[in-house]
2 protein chains.
Amino acid sequence: MANAADAAYAVIRGRILDGTFAPGARLKEADLVEFCGVSRTPVREALRRLAAEDFVRIQRNQGAEVKTWSDDDLDDLFDLRALLEGHAAAAAARQISPQQLQRINDAIAEMDAVLASTAPQAEQVAQFLRLNRIVHETVWEAAGSGRLQSMLGRLVEQALIAHTARHYSLARVAQSHHHHQELLDALTAGDAVWAEALMRGHIRAARLTLKAPQS
Amino acid sequence: MANAADAAYAVIRGRILDGTFAPGARLKEADLVEFCGVSRTPVREALRRLAAEDFVRIQRNQGAEVKTWSDDDLDDLFDLRALLEGHAAAAAARQISPQQLQRINDAIAEMDAVLASTAPQAEQVAQFLRLNRIVHETVWEAAGSGRLQSMLGRLVEQALIAHTARHYSLARVAQSHHHHQELLDALTAGDAVWAEALMRGHIRAARLTLKAPQS
DNA sequence: GTGCGCCTGATTGTATACATTAACGCTTCA
DNA sequence: TGAAGCGTTAATGTATACAATCAGGCGCAC
């Protein structure tokens, strides 16, 4: 990351994902110059890139702001995500490698440990989300399509922005955990239809959770 | 398009799509400055945007070149396209408007006329491709997902770049025409399963055509 | 003769100055 | 008092100058 443009991109993106720059917040180039410690040129490049990835919205001569997501947008997003993740799960079931299966298995075992621990709930949830990401990314990887992988990565992160201040209940996490365990069974059995059905349900359940009043 | 950056983007993109800038061709900023009649700043912005859309490939400190597509890349691309276009067709079957149905109907009628005409074959094919685009875009629109629509638009154009010097046989065009006619039946009947199956087949047939030695 | 290293030219990356645009507030007139 | 028009100002859009980097070639040493 010797690049000024890459550095600016990483900084701004990070601040959007962690909620420092909330949805709707105006992103003035001059402010970002100070914030990132580089000149306007790389800042502009970073903003354009973020706009291409749907993280910010740029209007001509009116600057950039963190993109906001309506409920309909999120329905749309999760519909697509369910389709694509389901497709990925089916493809993965057909051709996943033993190493990849093992990685998912390990992640699930770690989830077990995390949920059984006495750590603060926030910490448990954070750990769970990290492991969750590993499970999903391994499935994408096993599906063997770089294009699908990058699309899904973007969709997931867009969903994150919309719910920066998210509170997952332990009940929700436990449900998700069960999905993962069953998914592992389906992948191990090489049952594409089963894996796809499970994954679609898993994603739709996640959408419902984000819709409900947060607990 | 009062913008210099937009103008540069449109020019470069056009030249890539029409084959003037062939896959693999190096795109030097200085050359593009002359070519587009704007300074390096908007040219760079255009290139970054094209890179984000997978039309060009940028390596740090080594400039940009028109992206090349391997056979595997194209298989991957068409797999995804079949999935997404199929999904769009299914959604469209459930909710397409009478106006949209009419538009598809009109396009197909025009195709009939084009294929029955005595115009030069190249002209017939060009007209057919234009109408083909209308049919597909109407289906995407009827599916009601902006995100799906933009994804498909990009996938289609990426496929075009890879086959700039493409020769479609009239036989292939006629096959495609039959697909469209049957798709219209499925959409009119509101049969989502039928529409999806047809569309998936339609896209996979297209992939095979591009793979075969060109006639 | 071959391989390594430096040097040079060309090209991209960055900073900054200037041009342009649009929003906001003021003034003025009805 | 309200609304319309204009000027100011603060932001983005563009051009250009300068810095950093990489590829290729030449020369030297082994």
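By convention in this document, chain letters (A, B, ...) are assigned in the order of the sequence lines, proteins followed by strands, and residues within each chain are numbered from 1. All heavy atoms count here, side chains included; hydrogens, waters and symmetry mates do not.
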> For A:Phe21, is the NZ or CZ atom of A:Arg15 found under 6.0 angstrom from the centre of its six-membered ring and inside 45 degrees of the ring axis?
Replying inline: no
>> Looking at every heavy atom in both A:Ala88 and A:Leu152, which two are closest together, and how far apart are they?
In response: CB-CD1, 4.3 Å
>> If only side-chain N and O atoms count, and only distance matters, is there a donor-acceptor pair under 3.5 Å linking B:Arg103 with B:Gln100?
In response: no
> Which pair of non-hydrogen atoms, one from B:Leu115 and one from B:Gln124, has the smallest distance, and what is that distance?
Replying inline: O-NE2, 3.3 Å
> Which letters describe nucleotides 13-18 of chain D, given B = protein heavy atom under 4.0 Å from base, S = only from sugar-phosphate, - = neither?
Replying inline: BBBBB-
>> Quick check on the 6.0 Å ring-centre criterion: do B:His136 and B:His180 meet it?
In response: yes
>> Is it true that A:Asp18 and A:Thr20 share a donor-acceptor pair across their side chains at a distance under 3.5 Å?
In response: yes
> Can you find a side-chain donor-acceptor pair between A:Gln158 and B:Arg147 that sits under 3.5 Å?
Replying inline: yes
> What is the distance from CG of B:Leu27 to P of C:dT12, rounded to the nearest Å?
Replying inline: 10 Å
>> What is the separation between atom CZ on A:Arg26 and atom C1' on C:dA22, rounded to the nearest whole Å?
In response: 11 Å
> Bend across the helix from C:dG1-D:dC30 to C:dA30-D:dT1, to 10°, with axes taken over 5 pairs at each end?
Replying inline: 10°
>> Among residues at least two apart in sequence or on other chains, which ones pass salt bridge (Lys or Arg N to Asp or Glu O under 4.0 Å) with A:Glu65?
In response: A:Arg57
